[in-house]
Structures are given as structure tokens and as C-alpha cells.
Amino acid sequence: MNFTYSKEAEEFRSSFRTWLNANFPQEWDKEVTGDEWVQRRKQWGKTLAEGGWVAPSWPREYGGLGLTIEQQLVYIEELVKINAPEVLNSNGIGIFALTLIKYGTEEQKKHYLPKMLKHEDIWCQGFSEPNAGSDLAGLQTKAEDKGDYFLLNGQKVWTSYAPYANKCYVLVRTAEPRYKGISLMILDMNQKGVTVRPIKNIAGESELAEVFMDDAIVPKEDVVGELNNGWEMANFALSNERGIHFAQRSLKMQQEFQQLLTLFTERAASGQSYVNGRLQTQLVKAYLSCEILKSVCLRNIALISQGEETGSLPAIAKLTWSEGHQDLLNTSLDLLGEESIVKGDHEVWMEKFLLSRAETIYAGTTQVQKNIIAKSLGLPSSKGGR
């Protein structure tokens with residue numbers, strides 16, 4: 001992001017940078033994959049929590065930093081600059097926590113938020129189902145009222161972080177109406193009625209999982225907000241995911257572009273024959289995608305800071321990022337060739353490439369984003385109608 005920050009934001013940058021310089025492990029300058037990456041994310045989350053830096057958007061009374069939107073951008077910039085890993089509990093801290101703070105009881109906040117900050121509880125999101133992914137309102141996991149608790153039966157799929165999580169914020173059906181029959185509950189994953197089956201992704205890792213609930217128990221005190229108001233809370237949670245957090249993706253994509261541009265320049269200067277005009281054109285297209293995404297993110301953040309509706313901007317950001325990022329990583333393999341599949345300094349690019357294949361699917365497919373944008377323009381969707 002490139003614009004002039006306020007004096008307060010720059011003062012925050014200085015103090016945060018000083019802390020990072022003293023606490024970010026220097027040996028993490030090389031990226032890692034697999035289980036080592038998972039453990040690094042968890043360790044970094046704990047380190048940030050111990051320093052009081054892990055929850056930039058939370059109110060101070062709940063252990064957060066209470067930062068302004070501008071300061072949150074500075075926070076993200078500094079983390080991306082040193083290539084810090086995303087904390088393992090980002091699903092809880094960055095998405096569910098703000099929902100709990102707005103809709104939950106004081107007892108729930110006092111019980112769950114401190115453990116979330118310290119990474120004592122790791123959270124996953126139980127939204128998507130085999131027949132309710134893009135059509136989330138079609139979910140069928142049922143919660144049956146048993147007096148002082150609910151009995152849950154159903155299945156969730158593509159559940160990020162479920163193999164590592166002990167808590168899940170889960171959407172369940174408590175009444176028949178599509179939108180007014182959904183509730184949000186807190187599920188303890190460490191119980192007899194919950195089965196987690198990891199799903200190995202194309203890169204050979206298992207960050208995702210299927211989650212089966214067979215008479216799983218949720219006490220009444222773990223219902224978040226009002227019963228049958230889960231759809232509103234789900235939309236609030238997803239708005240946080242697609243708001244300022246996309247700035248981090250934008251900055252990371254810019255960083256990756258600069259790394260590839262440096263490699264291209266070095267190899268062109270050394271006269272390597274495969275570094276040609278086609279690769280140059282691909283890099284120009286990647287640069288344009290980075291600039292478009294940056295502009296969309298800045299506009300989105302400006303509207304959020306003014307308390308205004310963001311309309312289809314989150315959908316435009318998701319579409320621009322997922323397709324542009326895939327193209328960028330296609331270019332990385334064209335540039336690196338066999339170096340991307342041989343263990344060494346550049347092998348991480350192959351993993352990034354493989355993981356990017358799902359970016360046009362998760363968090364709303366490309367088709368869903370295009371329909372959202374079409375609707376905002378008064379155009380018919382791919383299913384017809386408006």
C-alpha cells in the first residue's frame with residue numbers, strides 16, 4: 001500500500017518494528033513447508049501474544065490492540081516485510097473473535113478469548129458441507145434441542161485447520177427456514193461424537209478436513225447470539241475475512257512479484273536464453289494485477305473506515321487476487337523451471353503454485369464472485385434472473 005500515513009500510524013510502526021526486530025527469529029529467513037510450517041505458525045502466534053501484539057483489531061478490554069484501520073494496515077505491512085508467518089489461530093483471532101465480541105455473552109468472551117489469544121485453543125470454521133458450499137444457506141447439519149444442550153448430527157467439509165483445532169465455530173440448522181433457521185454454536189472437537197478426517201491437498205499436506213458429528217453435544221451456554229440468527233453472524237464473520245485481511249494478500253502478492261522480477265532481471269543480465277519476451281509480458285500482466293488489487297483493497301478499506309457499505313468490492317478483490325495470483329505463480333514455474341522441483345532455495349515456489357490451484361474455489365468460487373459483481377451492476381446471474 002502506498003499513501004501517506006498519519007503521525008500516529010508512523011509512531012505505531014516505529015514501536016512495532018522495534019519489537020519485531022528484537023523478537024522475530026532470524027533463522028526464519030528461509031521459508032519452510034509441511035508440519036514445520038504449522039509449528040512455526042503456532043510458535044509465532046504465541047510469541048505475538050506474549051508481547052501483546054497478536055490481535056490488532058480487537059478492543060483493548062478483550063486483550064487486543066484496538067488499532068485504527070490505518071494502524072492495522074501498518075501492522076500488516078511490517079509483518080509482510082519480514083515475511084512473518086500467519087499465526088495458526090488466524091481463523092479464530094481474525095474472523096470468529098470479532099463475531100463473538102459483537103454477539104456473544106460476557107461469559108463466553110471471558111472464557112474463550114484469552115485462550116484464543118494464547119493459542120491454548122485452536123479454532124476452525126465449520127461452515128461448508130458436501131451439499132452446501134457456495135450455497136451455504138442450504139446447510140443440513142442438524143442441532144436437536146435436548147433441554148440444557150443441543151445434539152448435533154451432520155458433516156462439514158473443507159474445514160481449514162480442523163486437524164489441529166480443538167474448537168470449532170459451527171453453523172447448524174435449528175429450524176426449517178433457509179436463512180432464519182440457522183444458528184451459530186461453539187463445538188468442542190475433543191469429544192466422542194466428533195470425528196476429523198484430514199484431506200490431503202495437491203501439495204501433500206492436510207490442512208483441510210472432513211468433520212463428522214454423530215450425537216455431538218453443545219451445551220446451551222455455547223450458543224452464540226440468538227437462536228436462528230446464525231445467518232447474520234455468518235455474514236458478519238465473512239465480512240471480516242474479506243475486509244482488511246485482503247490487504248495482507250495484496251501485499252504478499254506484491255512481495256512475490258518483486259522477488260520474481262529480481263530473479264528475471266538477474267537471469268536476463270546473465271544472458272540465459274529462456275528469459276525472453278514472453279516471460280517479460282507475463283510479468284507485466286502480473287504487475288497490473290498487483291496494482292488493480294491494491295487499488296481495490298484501498299477503496300474497500302476506505303469505505304470500511306468511513307462506516308459505508310463496500311458493495312461488490314470484496315468480490316472484486318477475491319476475483320482479482322485468486323486469478324491474478326494463479327497467473328503469477330504460473331510465471332514463477334516458467335521462470336524457475338526444474339529448480340522449482342529440486343530441493344533448494346526455490347522449491348517453495350512449487351508448493352505455492354500447487355496450493356494456489358484452489359484459490360479460485362475456496363471462500364467463494366470465481367463463478368460466485370462474478371455473479372455477485374453482476375448483481376451489483378443490475379446484470380443477470382449465470383442462473384438467469386437478477
- Taking atom types as modelled, find out whether Lys42 and Asn89 have a side-chain donor-acceptor pair closer than 3.5 angstrom. no
- Will you find, in the side chains of Glu8 and Gln71, an N or O donor that is under 3.5 Å from an N or O acceptor? no
Do [X] and [Y] touch side chain to side chain, with heavy atoms closer than 4.5 Å?
X: Thr331; Y: Phe257; result: no
X: Pro85; Y: Trp37; result: yes
X: Ile217; Y: Leu151; result: yes
X: Thr99; Y: Tyr169; result: no

Short question: side chain of [X], backbone of [Y] - any donor-acceptor pair under 3.5 Å?
X: Arg41; Y: Glu86; result: yes
X: Tyr75; Y: Trp53; result: yes
X: Asn153; Y: Asp215; result: yes
X: Arg173; Y: Gly138; result: no
X: Gln108; Y: Val223; result: yes

- Message: Name the residue from Val368, Ile316, Leu379 that meets the side-chain contact (heavy atoms from CB on, under 4.5 Å) definition with Ile373.
- Response: Ile316
- Query: Does any pair with a residue in residues 179-206 pass side-chain hydrogen bond (donor to acceptor under 3.5 Å, both in side chains), and if so which ones, sequence neighbours excluded?
  - Reply: Thr174-Ser183
- Query: Among all residues two or more places apart in sequence or in another chain, which pass the salt bridge (Lys or Arg N to Asp or Glu O under 4.0 Å) test with Glu106?
  - Reply: Lys109
About how many Å separate [atom2] of [Y] and [atom1] of [X], when rounded to the nearest 0.5 Å?
X: Leu293; Y: Leu288; atom1: CG; atom2: CG; result: 12.5 Å
X: Leu263; Y: Leu279; atom1: CG; atom2: CG; result: 11.5 Å
X: His325; Y: Lys252; atom1: NE2; atom2: NZ; result: 8.5 Å
X: Leu328; Y: Leu260; atom1: CG; atom2: CG; result: 5.5 Å

- Message: Here's a test for you: under side-chain hydrogen bond (donor to acceptor under 3.5 Å, both in side chains), which of Gln280, Arg278, Lys285 qualifies with Gln282?
- Response: Arg278
- Item | Residue pair His119, Ile93: steps toward the side-chain contact (heavy atoms from CB on, under 4.5 Å) verdict | CA-CA 10 Å; His119 280 61; Ile93 294 170; 4.0 Å; yes
- Task: Carefully, step by step, assess Phe127 and Trp158 under the rule ring-ring contact (aromatic ring centres under 6.0 Å, His included).
- Result: CA-CA 9 Å; Phe127 283 14; Trp158 312 121; over 10 Å; no
- Starting from the C-alpha separation in whole Å, work towards a yes-or-no answer on side-chain contact (heavy atoms from CB on, under 4.5 Å) for Ile202 and Phe353. CA-CA 10 Å; Ile202 193 172; Phe353 167 80; over 6 Å; no
- Task: Might you work through the side-chain contact (heavy atoms from CB on, under 4.5 Å) test for Leu171 and Glu129, ending with a clear yes or no?
- Result: CA-CA 10 Å; Leu171 289 177; Glu129 297 184 3; over 6 Å; no
- Show the numbers, then the answer: is there a side-chain contact (heavy atoms from CB on, under 4.5 Å) between Tyr103 and Leu184? CA-CA 10 Å; Tyr103 294 96; Leu184 182 63; over 6 Å; no
- Query: Are Lys220 and Phe150 in a cation-pi contact, defined as NZ or CZ under 6.0 Å from the six-membered ring centre and within 45° of the axis?
  - Reply: yes
- Query: Parallel, tilted or perpendicular: which describes the rings of Tyr161 and Tyr164, with under 30° parallel and over 60° perpendicular?
  - Reply: tilted
- Query: Any chain of hydrophobic side-chain contacts (each under 4.5 Å) joining Met185 to Phe96?
  - Reply: no
